[in-house]
Structures are given as structure tokens and as C-alpha cells.
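Here is the structure we will look at.
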Amino acid sequence: MRTHTCGELRSSDVNSDATVCGWVNTFRDQGKGLVFIDIRDRTGLTQAVFDQEDCEAEVMELARSLRREDVVQIGGRVDPREGGKNPKLDTGEIEIRGTALKVFSRSNNPPILPDDHEASKIAEDVRLRHRYIDLRRPTMQRTLQMRHDLSTLTREYFHNLGFLEVETPLLIKSTPEGARDFIVPSRVYPGKWYALPQSPQIFKQILMIAGCDRYMQICKCLRDEDPRADRQAEFTQIDLEMSFVDRDEIIKIMTGFVRRVFKQLLGLDLGQIPKIPWQLALDKWGADRPDMRFELHLQDISEIVAKTDFKVFQSALAKDRGVVKAIRIPQSADKLSRKIIDQLQETAKLHGAGGLPWTKVTENGFEGGIAKFIEGVTDELSAALEVEPGDTILMGCDEWLKACESLGQVRLHAARHLELIDTTAWKALWVVDFPMFRWSEDKQRWLSEHHPFTAPIPEDIHKLESDPGAVVSAGYDIILNGSEIGGGSIRIHDTEVQNTVFRVLGLEEEDMREKFGFLLDALSQGAPPHGGVAFGLDRLVMLLMSTDNIRDVIAFPKTQNGADLMTEAPGPVDDEQLDELKVQCTEPVATE
RNA sequence: GGGGCGGUAGCUCAAUUGGUUAGAGUACCGGCCUGUCGAGCCGGUGGUUGCGGGUUCGAGUCCCGUCCGCCUCGCCA
């Protein structure tokens, strides 16, 4: 049907005959006898020209009738461009002198045009509603290509290392812990339900117990939680698991993978990827996924300000693990207006802090904000923070974790405002030594920091029940530019340890059997030491394509209400379908 | 579930204090034009101002409710 794609003709093809197929990108009708058609496919754009000197009258007439997004086949001789080259196009040195034209189909007046320049202006819901046009845009095509390249590279990389690709089921059993499940009613067992997998976690562990040794899968995961700019309810993971490995062996292989991805797809060398303990990440950057593209480290000033009688500091320090932390923002006093500081204060409060004590450094010491409360320790504080006139000092004081996290958020927002983030930099790291559990005030029980199958480090196993909060897990996350792109852990391969963890999480013996009996059975039938990782494929593509919108890297994404605007899912079903499933609605279906 | 922003022609936007027939660009339709490439020039079609109430002599504009989209908190082991 075609001899060439729309992106490949060059001056070396001049004088040969070519036939291309694609969409009419634009038309420029110069009058009865001359019309230019830019024809587009996935690979690019080629100009065709129909001149009445060359072609028959019917062809000429048909060419003049072409409109944007009509689908056509154009045949003719490849010529150097008569009217001058177009340096903006890869095919800009040539044109096809059209002599044959076939219209495959006509397009109604397109609601949007597949034009990258226009796309940023068009409301996203319109793009989603007409996704088949939006996806025609060069950027979207490049994104689909990038996603494909990443998947291909992933399979190749891991298959070469002996990983076996195994599919795991989509209709599975609902398990407690973690996100809300999407559930599917069973027709055969009325009143019983399948869940869609939040991840293949348990299956990949069972594959290890089954002797699979190394498993990989690019799989869909589903979590019925509200989406965000970088999060969809339905997303894709690169899922991996290995037997007979320790943490550092896994990290080594995965580091190789990530470096290969960025080397091969962007030509970037991420270099060595350091391992940072969780506690240090929070202490220094105020986040468990630190963005290390800029400095602004958090510093502990508890000991110094303890000497003041500032009530705010004193009451924070009186708390269990209470601290006062500070960040020094060099030469920012004139850029951080009162209004901006107020905004940063809101950020701090939003993330749990009571406020954001601040002061500025002048030739005369600290001025503004809480300056008068720290007069007594001016010299000591100045020396510790190595301040210079023009600096701004922002502080956080609370229980350690809250103080670090809220000030960490302030750090990010301040850096964005002051444009301190080197957007050309690529900073990756592994965060390791997470705590095993996190106390939930809400639920009044321990929650898994990672998931309930994560192993504690061996030397902490004895503390599981006596001091859960102090147990360090064998988990690890990989962070790139402040974004979590993957994470995993060494898993528990011992039934007793797994039982103990379930107990700490507040699962009753009976519950355990009911919910996880099959896993406990499997663990008791010879389980190898094993561990693995899951990478967020969507987030990797976001980084590779430099977008902060996850919907831009998914062909058919959903909105914040979980709707697909193109197909209008979710939709109603027939009463017969519900009857068959023995399912009833307690609320009438909302109408518009 | 909470907070913020938004919804006017197919698309992007405008419309004074509540006041005449809701405008412009673009797309689309028609005409002109033989070297354009974000083509150009002339003319034209196109509107339930998201939806439903209310206030008013009069509502795109004010009030109430509701739906939808985006950002965000909660949530996301």
C-alpha cells in the first residue's frame, strides 16, 4: 500500500517513485492549479504538491477537496523542493509531486488538531474525550515509542539475566492491608468477590517457592484510591523477584538496570547510585525520597536553641524525640518576601508543623521573624549554620519525624520558588534501612512501612514483638530526582517470622489463616530466601519524557474521578447482569 | 470526604456596576490566488453561556443546589 513512511524520504530519494499513506496535516490551496498537502504518519511529515501540469483533472479536483485529518494515499515522484527547503522538517529537502491520490476516509471537522503547539492550550478533558486525535500528536507518538522502548529493553535486560516472564492472575483474593481493592462479584459464588491485584506480590513470592528462581513481568496493578498528577488507579509495574540473593545483590542488578535504561534511552550516565539510610535521608533532606539536585540541607539546632527560653522551641523539645531543625537559604533575604514566607508557612502547616519559625541574617545579626527569641545564641547559631548576611533561616520544631518531613516540604517549595533546582541534573539514590513499622494514631495499631511480607534485618528479628518501632526492615527504594521510581525488599521466607509480623500488625490467628493461609502453607513447604523490586513504569516514562503529568504517558488514562471520558466508563449495566450476580444497588444510579 | 481553581461557538478566549441582537481569533463552508510550508485575501455558517432552581422589569454576570475537569489534603502496605 505504501513504499515509504512519511518521515523517511531524503534528497537521496530524488527521482524515485514513492507512495505514502497518512493523515492530511495541513493543506495550502494556491488556486485552481496548485495545492500543497502535508501528509503525516507516526514517523513524520512529508509535503506533497499537486500541480495541474503533472496530474489529471480528477486528481487535481480531489486534492483540492482534502481537509485536515482526511486519510489518504499519495503517489508520485520525489523531487527536490522547488520553492525552497524547509529546515524545520526532516523531509524538508524534498517533496512528492503527486500524480496519484486515493482518499481512504474523510474526517469530520476535527474537534482538536493533533498539533504539539496547540496541545498545551487545549483543555485536558477535550484531549481525553478525543484521545484518538490527541495520540496522533508527535509528542504523544514519541511517548508511546519511549514506553515501548522501555518495555523492550526491560525484557531483554532481564531475560539475559535468566529471569522468567510469568503471568499472574487478575482475578484474585482480596487481602487486608494496603490500598482499597477493586472488587469483582462472582457469578458462581453469589456473595463472594474477587479482587483485582494491587500488585502480584504474593504470586511472585509463591513463584519463588515454586522454584522459578527469577521472575519478571510487566503488569497492570489496580488500587481503588484517588489519583493525583503522578498517580493513577490503574498503573503499570515492572515486577521482579529473585531467589537466593541478599539485599545488595538485588540492588546491584537493579542499579545496572536503571543505569542501562537512562544510558540507552537518553544517553545519560547516572553514575554510581549511593545508598542512603532512611534516617539520614530524613535528617538531611527531610524526605524519604530526597531530591538531591539542590542543597539546602536540614541541620539540627536543638542543642543550641535549647538554651533560649522561646516557648515554641521549648515545648517541641519537651516532646518524645523532639527536635529543632533549620535550613539556611543563602542570599535569599530579598527574594523571600513576607508573602512568600507566609506561603511556605502554609506548606509547613499542611504537612503537620505548627508553624514555620524564620529569621533573616543581616550585618547586625538576626533580624525579623523570631530574631528576638534567639538573641542569646546568635553567635553560636551563626557559627553552626555558617550564616552570611542575606541568608534566610527557616526552622521546624516538633517530634523528629514531623519536624523533618514538614521542613523537607518547605525545602522543596522554597527551592522551586527560588529556582534552585538544577533541571539538567539527574540524581539517583537508594534509600535503605527503613523502619519495619509505623504507628497509626488513627487505627491505634502498627502498620507496615513497606508491606507485611518485608523481612526485618536478621539482627532485629528478636525485637519484632518487644519493640516493633525499633525494627529495621530489609526494604529499599530507588529515588530519581525526588521521585520514587521503584522499591522492594527481602521477603520473609520463614513461617514463624511471617506469623509474628502478622501478629504485630494485629491480625488474629484465625484471620491469618483465612486471609493468608495459602501463603503460610507455601512458606512451610520449603521457601528459598528471596526478594525483589517493583518499578513504576509510568513514572519512569514520565522522567524519560520530562513530564509531570502521568496521563501524558498512558495511552488511555482516567480522570480524577476514575472515568474514561472517551468510552464513558464506568457505565451502567443491565438489570439482568446484576440479577445473575445477585448484586443489588443500595443507591439509585446518578443521572445527569 | 475536605480545600482551591475552572466550565461562554468544534477549539482558545472576550463580554464595564446586572442592561440593546453574547463578540474575536481559529477550525469549518463558499469564492479568489501557481511555490506555499503557522500560507494569504474576501464572504458565510456556527451559542440551551455545564445542568436545575431562585432573586430581578431584566442574569453569562448575583444567590442556592448539582454535575464535570484540573491541583491538593486525607488516602495511596
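Every heavy atom of this structure was used, including side-chain atoms; hydrogens, water molecules and symmetry mates were not.
Judged by distance alone, the side chains of A/Arg136 and A/His130 never bring a donor and an acceptor atom under 3.5 Å apart.
Base pairing of B/C70 is made with B/G4, judged by Watson-Crick or G-U wobble geometry with both donor-acceptor distances under 3.5 Å. With a 3.5 Å ceiling on both atom-pair distances, B/C75 lacks any Watson-Crick or G-U wobble partner. Across all strands shown, B/A59 remains unpaired; no Watson-Crick or G-U wobble contact has both distances below 3.5 Å. B/A22: no Watson-Crick or G-U partner with both key distances under 3.5 Å is found in any strand. With a cut-off of 3.5 Å on both Watson-Crick or G-U wobble distances, the partner of B/G38 is given as none. In this entry B/A9 has no Watson-Crick or G-U wobble partner, no candidate having both defining distances under 3.5 Å. Base pairing annotation: B/G47 forms no Watson-Crick or G-U wobble pair, as no partner gives both donor-acceptor distances under 3.5 Å. Nucleotide B/U16 is matched to nothing when pairs are restricted to Watson-Crick or G-U wobble geometry with both distances under 3.5 angstrom.
Spacing between B/G7 and B/A14 at atom P, rounded to whole Å, works out to 8 Å. Distance check on atom C1': B/U49 versus B/C32 gives 36 Å, rounded to whole Å. Separating the C1' atom of B/G46 from that of B/C11 is a span of 13 Å, rounded to the nearest Å. Remark: the separation of the C1' atoms in B/G4 and B/A15 is 26 Å, to the nearest Å. Between B/G60 and B/C28, the two C1' atoms lie 25 Å apart (nearest whole Å). The gap from the C1' atom of B/A9 to that of B/G25 amounts to 12 Å, rounded to the nearest Å. One C1' atom belongs to B/U61, the other to B/G2, and the distance between them is 29 Å to the nearest Å. Taking the P atoms as reference points, B/U12 lies 15 Å from B/A27, given to the whole Å.
To the nearest angstrom, C1' of B/C67 lies 13 Å from CG of A/Leu565. In this entry the distance linking CZ of A/Arg129 with P of B/C70 reads 10 Å, nearest Å. Rounded to whole Å, atom C1' of B/C76 lies 12 Å from atom CZ of A/Phe182. In this structure, NE2 of A/His351 is placed 6 Å from P of B/G74, rounded to the nearest angstrom. Residue A/Gln198 contributes atom CD, which lies 10 Å from atom P of B/C76 at whole-angstrom precision. Here B/C71 presents its P atom at 16 Å from CG of A/Leu350, a figure rounded to the nearest Å. Note: CG (A/Leu222) to P (B/C76) measures 16 Å, nearest angstrom. Atom CG in A/Asp181 sits roughly 12 Å away from atom C1' in B/C76 (whole-Å rounding).
A/Ile122 comes within 4.0 angstrom of the backbone, heavy atoms only, and of no base. Residue-level contact check: A/Ala233 touches neither bases nor backbone, having no heavy atom under 4.0 Å from any strand.
Distance CG/A/Leu135 to CZ/A/Arg127: 9.0 Å, rounded to 0.5 Å.
Within residues 500-518 of chain A, no residue has a heavy atom under 4.0 Å from RNA chain B.
Ionic pairing of A/Asp460 and A/Lys463 is present here: one or more N-O contacts between side-chain nitrogen and carboxylate oxygen are shorter than 4.0 angstrom. A salt bridge links A/Arg247 with A/Asp433: the distance from a Lys NZ or Arg NE/NH1/NH2 to an Asp or Glu carboxylate oxygen falls below 4.0 Å.
Scanning atom types as modelled, one donor and one acceptor separated by under 3.5 angstrom connect the side chain of A/Arg231 and the base of B/C75.
A donor-acceptor pair is defined here as one N or O able to donate and one able to accept, closer than 3.5 Å; such a pair exists between the side chain of A/Asp116 and the backbone of A/Thr139. No donor-acceptor pair under 3.5 Å is formed between the side chain of A/Asn561 and the backbone N or O of A/Ala563. In this structure, A/Lys204 contributes its side chain and A/Leu240 its backbone to a donor-acceptor pair below 3.5 Å.
Applying the side-chain hydrogen bond (donor to acceptor under 3.5 Å, both in side chains) test between A/Asp38 and each of A/Asn86, A/Thr26, A/Thr91 identifies A/Thr26 as the sole match. With A/Arg539 as reference, A/Asp230 is the one residue of A/Asp552, A/Asp230, A/Asp548 to meet the salt bridge (charged side-chain N to carboxylate O under 4.0 Å, His left out) rule.
Of the candidates B/C68, B/C71, B/U12, B/C71 carries the atom nearest the A/Gln560 side chain, counting heavy atoms from C-beta on. Of the candidate nucleotides B/U72, B/C75, B/G69, B/C75 has the atom lying nearest to any side-chain atom of A/Glu225.
Ring centroid separation for the pair A/Phe27 and A/Phe50 does not come in under the 6.0 Å cut-off.
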Report all interatomic pairs (protein N or O, nucleotide N or O of nucleotides 1-9 of chain B) with separations under 3.5 Å.
unit_1 : atom_1 : unit_2   : atom_2 : d
B/G1   : O6     : A/Asp226 : OD2    : 3.3

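Nearest-nucleotide positions on RNA chain B for A/Ser199 and A/Asp548 put A/Asp548 closer to the 5' end.
Not counting sequence neighbours, A/Trp23 has no partner by the ring pair (Phe, Tyr, Trp, His ring centres under 6.0 Å) test. Remark: A/Tyr215 pairs with A/Gln217, A/Asp239 by the side chain to side chain donor-acceptor pair (under 3.5 Å) rule, at least two apart or across chains.
An OP1 or OP2 oxygen of B/C71 is reached within less than 4.0 angstrom by a side-chain nitrogen or oxygen of A/Arg551.
Sorted pairs that involve residues 469-486 of chain A and meet salt bridge (Lys or Arg N to Asp or Glu O under 4.0 Å), not counting sequence neighbours, are lacking altogether.
Looking at A/Ile183 and A/Asp224, their side chains never come closer than 4.5 Å, going by heavy atoms from C-beta outward.
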query = When you check every protein heavy atom under 4.0 Å of nucleotides 26-39 of chain B, what one-letter string (B, S, -) results, 5' to 3'?
reply = -BSSS-SBBBBBSB
